[in-house]
Amino acid sequence: IKAKDRGLTARYRPSMLERSQQQAAIEGDLRQAIINNELSMVYQPIVDVNTHTVVSMEALIRWKHPEKGFIPPDQFIPIAESSGIMILLGRWIINQVAIDCQFLKGTELEGVRVAINISRIQFVDDSFSDYLQSCLVEQFPKNQKLTLEVTESTLHNDAEHSVNTVKELLDENIQFALDDFGTGYSSFISLKEFHVDNVKIDRSFISRCDEVKDDETLVKAIIEMAHTMGFSVTAEGVENEAQLMKLQELKCDFIQGYFFSKPLPIEQVIKQGSWYGEK
Ligand code: C2E
Ligand code: CA
Ligand code: CA
Ligand code: CA
């Protein structure tokens, strides 16, 4: 296929040098962003596939740059990770989530579990579990339930240390979810040692699970295998009712996606309440 046909002709390709300059610029801007309050967290509800009640919500970061506008996390998180500010940023995220959780008190969503994405960089930092523990005691509402969302690369690099960190944190209030399941070198056997509670099937498998037989077969197999091993399953990126029906039929447990709600600021999630029925 010619580049033109794929609509890539006009696309500007930065050189290596330009790219590293852009990265350095974003890195500097990101340090400022933390200081200048340009960052915020939004929350996307995760609902029970059958009852449509909110079981948890995922915290996702947003960055509104004063000149460049919104910069997506897929763009700046990797830069934060490679530049050494991910630990600082990760702490900012946990603190902000703690502040936002205070708003849940007295609402329908009081006590709901909140999921936070934890970068591999944070997870293998020696002080991570102590830091999280102190935030839970001092900043979060009492007995706040958290899910830490990690990817397989987190579990497989520096594995031994990660396992110990996980074990130190283990308690009924903290769960682990494996993010983007199906995209990496997935092995259910290795998941067993890591105390994963929930598996999140990547959006790329969900988007056509109601149309493409192979995708359906794969999603079905993942759900059955996960259940056999004692994990619950969340489907990411559910955008329409056909996908929801299919996932119900396949006995998926939890649903997350634009069909129910986009990620929203905490006040708006609270306004939407705890039930997404009768739409
Ligand atoms: P992720 O953890 O896999 O997050 C799910 C992404 O899918 C989010 O994109 C969410 O807005 C998007 N999404 C949810 N439902 C739908 C849907 O129905 N359709 C479509 N097309 N998309 C949907 P977002 O917020 O842009 O985040 C992208 C990635 O950036 C995240 O992927 C995660 O890897 C990273 N990220 C975001 N926030 C944080 C954070 O606070 N900490 C860390 N370490 N990483 C984060
Ligand atoms: Ca996630
Ligand atoms: Ca994901
Ligand atoms: Ca991702």
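Each ligand, and each atom within it, is numbered from 1 in the order the structure gives.
Atoms of ligand 1 lying under 4.0 Å from at least one heavy atom of E236, given by number and element, are 3 (O). Near D74, with a cut-off below 4.0 Å to any heavy atom, the atoms of ligand 1 are 28 (C), 29 (C), 30 (O).
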For a quick test of your reading: what N or O donor-acceptor pairs under 3.5 Å do the side chains of residues 221-228 make, sequence neighbours left out?
| unit_1 | atom_1 | unit_2 | atom_2 | d |
| --- | --- | --- | --- | --- |
| E224 | OE2 | K220 | NZ | 3.4 |
| H227 | NE2 | D253 | OD2 | 2.7 |
| T228 | OG1 | E224 | O | 2.7 |

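Looking only at its N/O/S atoms, E236 has OE2 as the one nearest to the Ca ion (ligand 3).
For the pair Q256 and ligand 1, the shortest N or O to N or O distance does not fall below 3.5 Å. In terms of polar-atom proximity, Q122 is not counted as a contact of ligand 1, lacking any N or O under 3.5 Å from an N or O of the ligand.
Taking the ring centroids of F260 and H52, they lie under the 6.0 Å cut-off.
For D29, the salt bridge (charged side-chain N to carboxylate O under 4.0 Å, His left out) partners are K68, not counting sequence neighbours.
For E149 atom OE1 and D179 atom OD2, the angle they make at the Ca ion (ligand 2) is roughly 90°, to 10 degrees.
Put simply, E58 gets within reach of the Ca ion (ligand 2), with an N, O or S atom under 3.0 Å from it.
Not a single heavy atom of P72 lies less than 4.0 angstrom from ligand 1.
By heavy-atom distance, the residue among I121, L39, T183, D180 lying nearest atom 3 (O) of ligand 1 is D180.
In terms of heavy atoms, A235 sits closest to I206 at CB-CD1, 3.7 Å.
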